[in-house]
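A short worksheet on the structure shown next.
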Amino acid sequence: MRRAVCPGSFDPIHNGHVEIIARAASLFDEVIVAVSTNYSKKYRFSEDERVAMVEETVGGLRGVSAIPMDQGLLADFCKEHGAEAIVKGLRSTVDYAYEIPMATMNRHLTGVETVFLQADSRYTHLSSSLLKEVQSLGGDVAEYFPRAVMKRLLR
Ligand code: PNS
């Protein structure tokens with residue numbers, strides 16, 4: 001049984017995330033989408049809402065589940081949940097430079113490996129914060145969000 005964790009704040013989940021989670025699900029038997037909350041950050045959606053949107057969007061994929069990560073180290077979360085790998089999407093060399101020290105530290109902490117998947121070219125310009133900004137200023141971002149998420153954004 002090979003289990004991986006896809007971590008993130010998912011505020012909210014967008015199609016770039018969905019594509020990476022779906023590819024992770026084709027590589028691993030189980031994928032836990034770990035929804036993190038950093039209490040010093042402001043979120044558009046509550047943790048419950050973010051978990052619910054992940055479930056509504058990718059919960060139907062084989063082996064995929066969503067759970068809150070709470071506070072604490074991602075490396076410990078992976079160990080507690082029997083996950084041998086963290087899966088992350090890389091959009092650019094900027095992501096790479098940001099991610100490598102964390103991947104190295106996570107491997108140092110508990111031996112968990114990080115697997116990087118190259119983001120699909122349709123989504124390399126996406127981030128939840130950019131999409132929220134454009135949407136809040138009236139831009140059309142519907143093609144970048146799952147329908148269930150778009151409905152909540154429009155509420
Ligand atoms: O979607 P985000 O906000 O970019 O996700 C960041 C996340 C949750 C992957 C990252 O902040 C994280 O790993 N947080 C857990 C705390 C931790 O383990 N920190 C040390 C990293 S080496």
Side-chain angles (χ1 to χ4, degrees), residues 2-25 27-28 30-59 61 63-136 141 144-146 148-150 152-153:
R2 308 215 115 175
R3 188 174 291 147
V5 166
C6 285
S9 46
F10 302 105
D11 185 41
I13 187 168
H14 58 65
N15 289 341
H17 295 132
V18 172
E19 208 257 341
I20 294 294
I21 294 165
R23 283 160 63 196
L27 294 172
F28 290 89
E30 285 185 9
V31 173
I32 301 171
V33 182
V35 179
S36 79
T37 298
N38 176 340
Y39 290 99
S40 60
K41 278 195 189 169
K42 277 214 144 208
Y43 295 94
R44 167 92 175 255
F45 294 98
S46 70
E47 184 175 87
D48 285 350
E49 288 175 308
R50 287 180 279 128
V51 171
M53 285 186 278
V54 172
E55 275 169 355
E56 286 161 15
T57 313
V58 291
L61 298 176
V64 176
S65 58
I67 50 179
M69 198 165 88
D70 296 326
Q71 295 281 279
L73 288 170
L74 174 59
D76 288 339
F77 179 92
C78 292
K79 199 171 180 187
E80 279 157 27
H81 290 84
E84 63 190 280
I86 296 163
V87 175
K88 292 217 172 165
L90 285 185
R91 293 164 297 189
S92 68
T93 54
V94 176
D95 278 353
Y96 180 82
Y98 176 72
E99 294 290 348
I100 289 296
M102 292 198 288
T104 307
M105 181 58 77
N106 284 327
R107 188 155 53 86
H108 161 78
L109 290 169
T110 63
V112 67
E113 292 284 357
T114 301
V115 174
F116 293 111
L117 298 180
Q118 179 191 3
D120 188 276
S121 57
R122 287 169 296 168
Y123 305 125
T124 48
H125 58 305
L126 300 188
S127 68
S128 296
S129 45
L130 179 65
L131 287 169
K132 281 183 290 189
E133 181 185 342
V134 173
Q135 192 266 333
S136 69
V141 287
Y144 297 124
F145 283 114
V149 173
M150 204 58 218
R152 289 183 193 246
L153 276 166

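All ligand and atom numbering here is 1-based and tracks the order in the structure. These numbers come from a predicted model, not from an experiment.
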Heavy-atom donor-acceptor pair, Tyr43 side chain to Asn38 backbone, under 3.5 Å: yes
Test item: Arg50 side-chain N/O and Ser9 main-chain N/O as donor-acceptor pair under 3.5 Å: yes
Sub-4.0 Å protein heavy atom near atom 6 (C) of ligand 1: no
Nearest non-hydrogen protein atom, atom 9 (C) of ligand 1: Lys88 NZ, 3.5 Å
Counting from 1, what ligand 1 atoms have a heavy atom of Asn106 closer than 4.0 Å? 22 (S)
I'd like to check which ligand 1 atoms, numbered from 1 as shown, lie under 4.0 Å from a non-hydrogen atom of Ser36. 8 (C)
Side-chain donor-acceptor pairs under 3.5 Å in residues 95-105, sequence neighbours left out?
from: Asp95; atom 1: OD1; to: Arg91; atom 2: NH2; distance (Å): 3.0
from: Asp95; atom 1: OD2; to: Arg91; atom 2: N; distance (Å): 2.8
from: Asp95; atom 1: OD2; to: Arg91; atom 2: NE; distance (Å): 2.8
from: Asp95; atom 1: OD2; to: Arg91; atom 2: NH2; distance (Å): 3.4
from: Glu99; atom 1: OE1; to: Lys88; atom 2: NZ; distance (Å): 2.9
from: Thr104; atom 1: OG1; to: Ile100; atom 2: O; distance (Å): 2.8

Heavy atom of the protein closest to atom 3 (O) of ligand 1 (residue, atom name, distance): Ser9 OG, 3.1 Å
Considering the heavy atoms of Lys41, write down every atom of ligand 1 situated less than 4.0 Å from one of them. 3 (O)
Nearest-0.5 Å distance, CG of residue Asp76 to CG of residue Asn106: 9.5 Å
Pick from Met102, Gln71, His108, Met69: the one approaching atom 21 (C) of ligand 1 most closely through a non-hydrogen atom: Met102
Within the distance-only criterion (no hydrogens, no angle test), does the side chain of Glu84 pair as donor or acceptor with the backbone N or O of Cys78 below 3.5 angstrom? no
Out of Asn38, Leu73, Leu74, Val5, who is nearest to atom 13 (O) of ligand 1 when you count heavy atoms only? Leu74
Only one of His17, Glu19, His14 passes side-chain contact (heavy atoms from CB on, under 4.5 Å) with Leu126, and that residue is His14
Is a side-chain N or O of Lys79 found less than 3.5 angstrom from the main chain of Leu109, in a donor-acceptor match? no
List every atom of ligand 1 that sits less than 4.0 Å from any heavy atom of Gly72, numbering the atoms from 1 in the order shown and giving each element. 15 (C), 16 (C)
